[in-house]
Amino acid sequence: MTELLKITLPDGSQREVARGTTPADIAAGIGPGLAKAALAARVDGELRDINRPLETDAALALVTAKDEADALELVRHDYAHVLAEAVQALFPGTQITFGPATDDGFYYDFAPAAEHGPFTEEDLPAIEAKMREIIAADKPLVREVWSRADLIKRWSEQGERFKAEWAQELPEHEELTVYWSGGDWLDMCRGPHLASTGKLDPQAFKLTRVSGAYWRGDQKNAMLSRIYGTGWLNRKQLDAHLTRLEEAARRDHRKLGQEMNLFHLQQEAHGSVFWHPKGYVIWRQLEAYMRRAIDNAGYREVKTPQVMDARQWEQSGHWGKYRENMFVIPDEVPNTEDEGPLVSDAAEWMALKPMNCPAHILIFKQGIKSYRDLPLRLYENGCCHRNEPHGALHGLMRVRQFTQDDAHIFCREDQIVDEVRAFCQLADRIYKDFGFTYAIKLALRPEKRFGSDELWDLAEAELRDAVAKAGFATEQYGWEELPGEGAFYAPKLEWHLTDAIGRTWQVGTIQSDRVLPERLDASYVGEDGERHRPIMLHRAIFGSYERFIGILVEHYAGKLPLWLAPVQAVVATIVSDADDYAKDVAARLTAAGLRVETDLRNEKINYKVREHSLAKVPCLLVVGRREAEEGTVALRRLGSDEHQKVVGVDDLIAQLVAEAAPPDRA
RNA sequence: GCCGGAUUAGCACAGUGGUAGUGCAGCGGUUUUGUAAACCGAAGGUCGGGGGUUCGAAUCCCUCAUCCGGCACCA
């Protein structure tokens, strides 16, 4: 006698079906349209294969392309699977390892045959073609549960070392499944998958790049060869994605920085930025803006040494943990003879500062501090050097010399909530001034850490409560906790900005630290007359000026708001008869505090318009004989579809001066 | 640091073993111009550094450096 199961559908209706019925059967029972559209099923919330038999009473929801997040996850996982099969078909001897879906596609990591070596981009077209063949063949993807012994046997026999290792180490209780795609090709996989490869759109994926990747993400393991692809439900989505990539490339701060003459990087100082006059205007505007902000928020600005004795870094703990990323300097006159080592074995060492916090503690420790001095907020535009791994360097985003908007707040435990609240409000105002939305996340204790669990319980709870009390731990602010992501000495609150094209950047942070005040023996005298340990809140809003400027350039696509634009206006002449008038207009704008250049070159106005538009100059002031006679300029705004407007110079100055005010002074 | 790719004039790029090229910029000249590239001319390079193979190397090999895409790292 067949056992009957009670299946509840999303509309609340119930059906009785025989045990072993599949979601596909149920979809077919509802209607042929749904049967065709159904990609997978959610069974009691769990995403499952459409053809996996039902074993128990359950709530069932059929997943179609309309459930976009689920559908994308499924197809991307399938593309990865098809990629693996294609690669093994084309390159016998390649071992398969692991291939998940990603945010915009998928990848698969391979151990290539020794004679072939890692894959290169040249291999991709052939692999793509093979994938389309596999999709066209509409191979079924059949789920089977295997015993661990059978799996290990199969992988070992086939020389699949990595799969065998994986099968060996999967947790005891886990059900081990494989997916066959017809023939004799199979992959060990948790699933779920679509019913067959033919459900994929052969025109909705593209292999994008190759790279190396460590087996199981560990630097100590073998280097595998990874193939990345982007995958979507249909061609239209793929095209839209490729367009987004082009848009991001168009905004690349390295390209715009070159075109706008903001900065350059060169081999002799790789990882450190040469700021050109135009780029440094942006820096100076941000610096002035941030100074006003911290002055108003009760911080005191300081400046601390660039180089300190290694013993200081030993005491702070950086020498032991981060020495390999520090620039170390011998405290000794170098040997100037041709022979012999540059410095003696007995050299004493100093180091460029990789961060500002120890120096700020040293300032705190000068003189006796009273509880009345707290909270003490020390701010520095702190220039730091870190000897980053070469492969990590990237334009302005990851550099070896950078300047942080860094501050340390020394306070008592009972002041943390107020300080975190004030910081949340300050960060909120600043990010909004640049047109960013953001999410606040709490990065919790990492595996490797200093301090007891009790201390971490306390520190995490403090930050969590402080943000909640400040009213920022809500969905509106993207509140989320990230296990394992904290610094080794403290949990971190992180501000993740979303830019104009939806990318996110982790920028601001505040961290509560009890370790460093302890190590450097900072104390204050309390109301009770006893010495107490202050808590130190590390915090930054821009993060680093370099990186923040890079983010701004990409966010605004180079079209900086007037207050940040290096050149706010160019006065361009049509005929040389207007030269004197143009100089006069420029002088009046300059006198009003605007950044103005003139373009009196012997060129057509078309040429000048094009050039200054490409240089992202916000205002082009065109003057010819007419304007010179009438005392006007023809104003052309960058990116404006409006026709140029003829305005009087006084009106223009009033308008531009008002618009060029920084947002905190508008 | 690891895997792959790249490095040619100020910039963007072509050039796969036989005399280094194109466009733009820069320079000189003509043109005085009305909203996204006027015209003519002359000039500009030890082809990233070093080593090797070869009669001959931008081109093939080795090595170092930097950059790009990832991986790992990011106090």
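In what follows, every chain begins at residue 1, and chains take the letters A, B, ... in the order their sequences are listed. Values reported hereafter were calculated over all heavy atoms of this structure, with side chains retained and with hydrogens, waters and symmetry mates removed.
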Checklist entry - So what does A/Ser613 touch, heavy atoms closer than 4.0 Å: a base, only the sugar-phosphate, or nothing? => result base

Checklist entry - With a 4.0 Å cut-off on heavy atoms, is A/Ala572 in touch with a base, just the backbone sugar-phosphate, or nothing at all? => result nothing

Next on the checklist: Under 4.0 Å, counting only non-hydrogen atoms across every strand here, what does A/Ile605 touch: a base, just sugar-phosphate, or nothing?
Outcome noted: sugar-phosphate

Checklist entry - Which nucleotide, in any strand shown, forms a Watson-Crick or G-U wobble pair with B/rA9, with both distances under 3.5 Å? => result none

Item to check | Qualifying residues under side chain to side chain donor-acceptor pair (under 3.5 Å), relative to A/Asp579, sequence neighbours excluded | outcome: none

Checklist entry - Is there any salt bridge (charged side-chain N to carboxylate O under 4.0 Å, His left out) pair reaching into residues 503-515 of chain A, and which pairs are they, with sequence neighbours excluded? => result A/Glu413-A/Arg514, A/Glu462-A/Arg514, A/Asp499-A/Arg503, A/Arg503-A/Glu554

Next on the checklist: Determine whether a donor-acceptor pair (N or O, by modelled atom type, separation under 3.5 Å) exists between the side chain of A/Trp456 and the backbone of A/Phe450.
Outcome noted: yes

Next on the checklist: Both distances below 3.5 Å, Watson-Crick or wobble geometry, any strand: find the nucleotide opposite B/rA25.
Outcome noted: none

Checklist entry - When the distance from NE2 of A/His276 to C1' of B/rC11 is rounded to whole Å, what number comes out? => result 13 Å

Next on the checklist: Expressed as a whole number of angstroms, how long is the span from A/Asn261:CG to B/rA12:P?
Outcome noted: 13 Å

Checklist entry - In whole Å, what is the span from the CD1 atom of A/Ile574 to the P atom of B/rA36? => result 12 Å

Checklist entry - Could you give the CD-to-P distance, from A/Gln644 to B/rA36, as a whole number of Å? => result 10 Å

Checklist entry - Would one find a side-chain N or O of A/Asn606 under 4.0 angstrom from OP1 or OP2 of B/rA36? => result yes

Checklist entry - Using a cut-off of 4.0 Å on non-hydrogen atoms, how would the nucleic acid contact of A/Gln506 be classed: base, sugar-phosphate, or nothing? => result nothing

Output one line per pair: protein atom, nucleotide atom from nucleotides 23-28 of chain B, and distance, for all N/O pairs under 3.5 Å.
residue: B/rA25; atom: OP1; partner: A/Tyr607; partner atom: OH; Å: 3.2

Next on the checklist: Under the ring pair (Phe, Tyr, Trp, His ring centres under 6.0 Å) definition, can you give me all pairs with a residue in residues 93-114 of chain A, not counting sequence neighbours?
Outcome noted: A/Tyr79-A/Phe106, A/Phe98-A/Trp166, A/Tyr107-A/Tyr228, A/Tyr108-A/Phe110, A/Phe110-A/Phe119

Dump every N/O contact between nucleotides 40-47 of chain B and the protein below 3.5 Å, one line per pair.
none

Checklist outcome for this item: Counting primed atoms, P, OP1 and OP2 as sugar-phosphate and everything else as base, the B/S/- map of nucleotides 64-75 of chain B against protein heavy atoms under 4.0 Å is -SSSSBBBBBBB

Checklist entry - Tell me: CG of A/Asp599 to C1' of B/rU35, nearest whole Å? => result 13 Å

Checklist entry - Across all strands shown, which nucleotide pairs with B/rG1 by Watson-Crick or G-U wobble geometry, both distances under 3.5 Å? => result B/rC71

Checklist entry - What side chain to side chain donor-acceptor pair (under 3.5 Å) pairs are there with at least one residue in residues 205-215 of chain A, not counting sequence neighbours? => result A/Glu165-A/Trp215

Next on the checklist: Please tell me whether A/His116 and A/Phe91 form a close aromatic pair, meaning their ring centres lie under 6.0 Å apart.
Outcome noted: yes

Next on the checklist: Could you work out, with side-chain contact (heavy atoms from CB on, under 4.5 Å) as the rule, every residue matching A/Glu268, not counting sequence neighbours?
Outcome noted: A/Gln266

Item to check | All pairs passing salt bridge (charged side-chain N to carboxylate O under 4.0 Å, His left out) where residues 533-545 of chain A contributes a residue, at least two apart | outcome: A/Asp405-A/Arg539, A/Glu518-A/Arg533, A/Asp521-A/Arg533

Next on the checklist: According to side chain to side chain donor-acceptor pair (under 3.5 Å), does anything in residues 615-628 of chain A pair up with another residue at least two apart or in another chain? List the pairs.
Outcome noted: A/Asp577-A/Arg625

Checklist entry - Starting at CD of A/Glu268 and ending at C1' of B/rG49, how long is that distance when rounded to a whole Å? => result 11 Å

Quick one: side chains of residues 122-129 of chain A, donor-acceptor pairs under 3.5 Å with protein atoms, not counting sequence neighbours, listed by atom name and distance.
residue: A/Asp123; atom: OD2; partner: A/Thr120; partner atom: N; Å: 3.0
residue: A/Glu128; atom: OE2; partner: A/Leu207; partner atom: N; Å: 2.7

Item to check | Selection residues 101-112 of chain A - residue pairs positive for salt bridge (charged side-chain N to carboxylate O under 4.0 Å, His left out), sequence neighbours left out | outcome: A/Asp109-A/Arg226

